[in-house]
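As structure tokens, the structure follows; a few thoughts come after it.
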Amino acid sequence: MPKSRIRKKADYTPPPAKQATSIKLNSRAWVAPVMLALFVIGLAWIVVFYVTDGSLPIDALDNWNIVVGFGFIAAGFGVSTQWK
């Protein structure tokens, strides 16, 4: 019976080294302080409104002061979407 041909395997060559790519997050340092400030301002606005029985922060707005406070809080959540 004839012998089968022997296949020559190429010597092992390691894959080329991958270059290390640095992951750079474009952190926005202003986002966290602004977000927290808006949360605190909104919360303080609502608390002051309730503590003063509706005479402060702006008497003319009456119960719309609650909407203004929640508006600040909503703006804080809007700013939080920019955080990376």
Side-chain angles (χ1 to χ4, degrees):
M1 181 165 264
K3 282 189 168 180
S4 63
R5 288 189 257 167
I6 298 174
R7 295 184 209 155
K8 288 188 176 181
K9 290 186 178 180
D11 291 336
Y12 175 75
T13 54
K18 294 182 181 178
Q19 294 178 353
T21 58
S22 62
I23 298 173
K24 188 174 184 181
L25 296 176
N26 295 332
S27 69
R28 298 177 176 139
W30 60 271
V31 172
V34 170
M35 175 185 66
L36 292 176
L38 288 171
F39 287 157
V40 170
I41 290 170
L43 180 64
W45 193 288
I46 295 170
V47 168
V48 167
F49 174 72
Y50 277 116
V51 169
T52 62
D53 291 328
S55 62
L56 286 178
I58 299 175
D59 192 26
L61 291 178
D62 199 32
N63 285 335
W64 284 96
N65 280 303
I66 298 171
V67 175
V68 172
F70 278 113
F72 276 112
I73 293 171
F77 279 114
V79 169
S80 71
T81 62
Q82 299 299 314
W83 197 1
K84 289 186 178 183

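Heads up: numbering here begins at 1 and tracks the sequence.
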Kindly work out whether a path of hydrophobic side-chain contacts (I/L/V/M/F/W/Y, heavy atoms less than 4.5 Å apart) joins Ile66 to Val48.
no
Is there a continuous path of hydrophobic side-chain contacts, each under 4.5 Å between heavy atoms, that joins Phe72 to Trp30?
yes
Phe39 reachable from Phe70 in the ILVMFWY side-chain graph, under 4.5 Å edges
yes
Between Met35 and Gly76, the two heavy atoms sitting closest are CG-O, 3.4 Å
Heavy-atom pair of closest approach, residues Ser55 and Thr52:
OG-O, 3.0 Å
Ile41-Val67 co-clustered via ILVMFWY side chain contacts under 4.5 Å
yes
Path from Phe77 to Val79 over hydrophobic side-chain contacts below 4.5 Å
yes
Measuring from Asp62:CG to Asp59:CG, what's the distance to the nearest 0.5 Å?
7.5 Å
Interatomic distance, CH2@Trp64 vs CZ@Phe49, rounded to 0.5 Å, equals 12.0 Å
Determine, step by step, whether Trp45 and Ile58 satisfy the side chain to side chain contact (heavy atoms under 4.5 Å, CB included) criterion, reporting the C-alpha distance in whole Å, the side-chain angles of both residues, the deciding distance to 0.1 Å, and the verdict.
CA-CA 10 Å; Trp45 193 288; Ile58 299 175; 4.0 Å; yes
